[in-house]
Amino acid sequence: MFSVTSIVRITAKDMYHHIISIISISLLVSLLCVPFILFLPWQFAIGFILFIGGPVWLAAAASMEAVLSNNNVKLIRTFLQALRKSYFKGLGLSFLFGGFTFILVASWWHWSVEQTYMAFAIACFQTYFAGMVLLSQLYTVSLLIKYNVRLAKAMGMSLKLLLKYPLYTMGCFLQLVLFAGLLAFTIVGNALLLPGVIAVFLSRMTSAVISKTDLLADNELKEAV
């Protein structure tokens with residue numbers, strides 16, 4: 001298994017070799033999502049992102065995985081095929097994380113209205129809980145793409161990987177948050193690099209923890225291959 005520093009270095013190397021593909025995928029994701037989120041009424045924007053956000057992200061990750069495996073990839077065609085093939089898996093991801101986001105926003109809204117210590121404690125706990133759920137599902141998208149497993153099984157496998165490699169997973173999560181935060185400070189960085197870079201990082205992160213030995217030892221992974 002690679003160290004967290006090695007994953008960052010490998011991701012940087014992939015960015016150098018595949019920068020055009022990363023920019024193309026990131027722009028495609030931004031063009032499909034950002035204008036609707038910005039200009040639709042907030043009720044419709046939430047509905048739009050629930051029904052298209054997860055599938056688009058899964059298609060982007062699948063396209064980047066194809067690029068990492070084969071340089072001669074027709075990105076738009078690969079993206080559209082992945083979007084069609086994995087739409088319902090992506091929809092499941094959207095509603096899962098959308099539900100946790102709703103709980104999180106509702107908790108802090110409740111605290112802003114009540115302004116009590118109990119409401120603040122509940123909001124802090126919900127934030128911690130949502131963060132742990134996100135941490136436990138860092139491997140889910142890559143497992144869906146690499147091994148074509150069902151969503152529920154991929155989520156369970158991702159949780160098992162977190163429990164098996166907790167420090168590695170938390171270190172990668174921290175690196176990912178910091179890197180995404182830096183890119184998100186600029187509109188250019190967010191539109192041109194963020195989706196593609198996150199897809200590459202998660203792919204390399206998952207490949208580092210699932211070795212050939214793990215594939216042979218884990219019945220779930222063995223069945224999925």
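Along the sequence shown, residues are numbered consecutively beginning with 1. Computed from heavy atoms alone, side chains included, the values below leave out hydrogens, waters and symmetry copies.
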What's the spacing between Asn148 CG and Leu143 CG if we round to 0.5 Å? 11.5 Å

Could you check if a side-chain atom of Val56 sits within less than 4.5 angstrom of a side-chain atom of Cys33, using non-hydrogen atoms only? yes

CD1 of Ile10 to OG of Ser203: how many Å apart, nearest 0.5 Å? 10.5 Å

As an exercise, state the distance from CG of Leu68 to NE2 of His17, rounded to the nearest 0.5 Å. 11.0 Å

Hey, are the side chains of Phe79 and Leu32 touching, using non-hydrogen atoms and a 4.5 Å cut-off? yes

Under a single-linkage definition using a 4.5 Å side-chain heavy-atom cutoff for Ile, Leu, Val, Met, Phe, Trp and Tyr, are Leu135 and Leu104 assigned to the same hydrophobic cluster? no

Determine whether a donor-acceptor pair (N or O, by modelled atom type, separation under 3.5 Å) exists between the side chain of Thr140 and the backbone of Ser158. no

A quick test of your reading: do over 12 heavy atoms of other residues, nucleotides or ligands sit less than 6.0 Å from CG of Leu40? yes

So Gln81 and Lys85, do their side chains get closer than 4.5 Å, heavy atoms only? no

Can you label the angle between the Phe120 ring and the Trp111 ring as parallel, tilted or perpendicular, going by 30° and 60°? tilted

Quick one: does Leu151's side chain get under 4.5 Å of Leu96's, heavy atoms only? no

Quick check, are the ring centers of Phe95 and Phe51 under 6.0 angstrom apart? yes

Should the pair Phe129 and Phe125 be assigned to parallel (<30°), tilted (30 to 60°) or perpendicular (>60°) ring geometry? parallel

Supply the atom-to-atom distance Ser107 OG to His110 NE2, rounded to the nearest 0.5 angstrom. 8.5 Å

Quick one: does any side-chain atom of Ser63 pair with a main-chain N or O of Ala59 as donor and acceptor, under 3.5 Å? yes

Consider only side-chain heavy atoms of I, L, V, M, F, W and Y, link residues closer than 4.5 Å, and tell whether Leu178 and Leu176 are in one cluster. no

Do you reckon Ile103 sits in the same ILVMFWY cluster as Ile49, going by side-chain contacts under 4.5 Å, direct or chained? no

Is the closest side-chain heavy-atom distance between Gln126 and Ile122 below 4.5 Å? yes

Are Tyr128 and Val105 connected, step by step, through hydrophobic side chains (Ile, Leu, Val, Met, Phe, Trp, Tyr) whose heavy atoms are closer than 4.5 Å? no

Identify the two heavy atoms, one from Leu50 and one from Gly98, that lie closest to each other, and give their separation to 0.1 Å. CD2-CA, 4.1 Å

With the side chain counted from C-beta on, respond yes when Met157 and Lys153 share a heavy-atom pair under 4.5 Å apart, and no when they do not. yes

Can you tell me how far apart OG1 (Thr127) and CZ (Phe100) are? Round to the nearest 0.5 Å. 13.0 Å

Any idea which heavy atoms bring Ala61 and Ala199 closest together, and the distance? CA-CB, 3.9 Å

Between the side chain of Tyr139 and the main-chain N/O of Met205, is any donor-acceptor distance below 3.5 Å? no

What are the two closest non-hydrogen atoms of Pro55 and Ser94, and how far apart are they? CD-OG, 3.8 Å

Over all heavy atoms of both residues, which pair between Met64 and Ile25 is shortest? Give the atoms and the distance, please. SD-CG1, 3.9 Å

So if you build clusters from Ile, Leu, Val, Met, Phe, Trp, Tyr with side-chain heavy-atom gaps below 4.5 Å, do Met132 and Leu174 land together? no

If you define the side chain from C-beta out and look only at heavy atoms, does anything of Leu138 sit under 4.5 Å from Leu161? no

Separation of Cys172 SG from Arg204 CZ (nearest 0.5 Å): 13.5 Å

Any side-chain heavy-atom pair from Leu75 and Leu28 closer than 4.5 angstrom? no

Between Ser136 and Val133, is there a donor-acceptor pair closer than 3.5 Å when you use the side chain of the first and the backbone of the second? yes

Check: Leu134 main-chain N/O paired with Gln137 side-chain donor or acceptor under 3.5 Å: no

Shortest non-hydrogen contact from Lys89 to Leu144? CD-CD2, 3.9 Å

Taking all non-hydrogen atoms of both residues into account, name the closest pair between Gly196 and Ser26 and its distance. N-OG, 2.9 Å

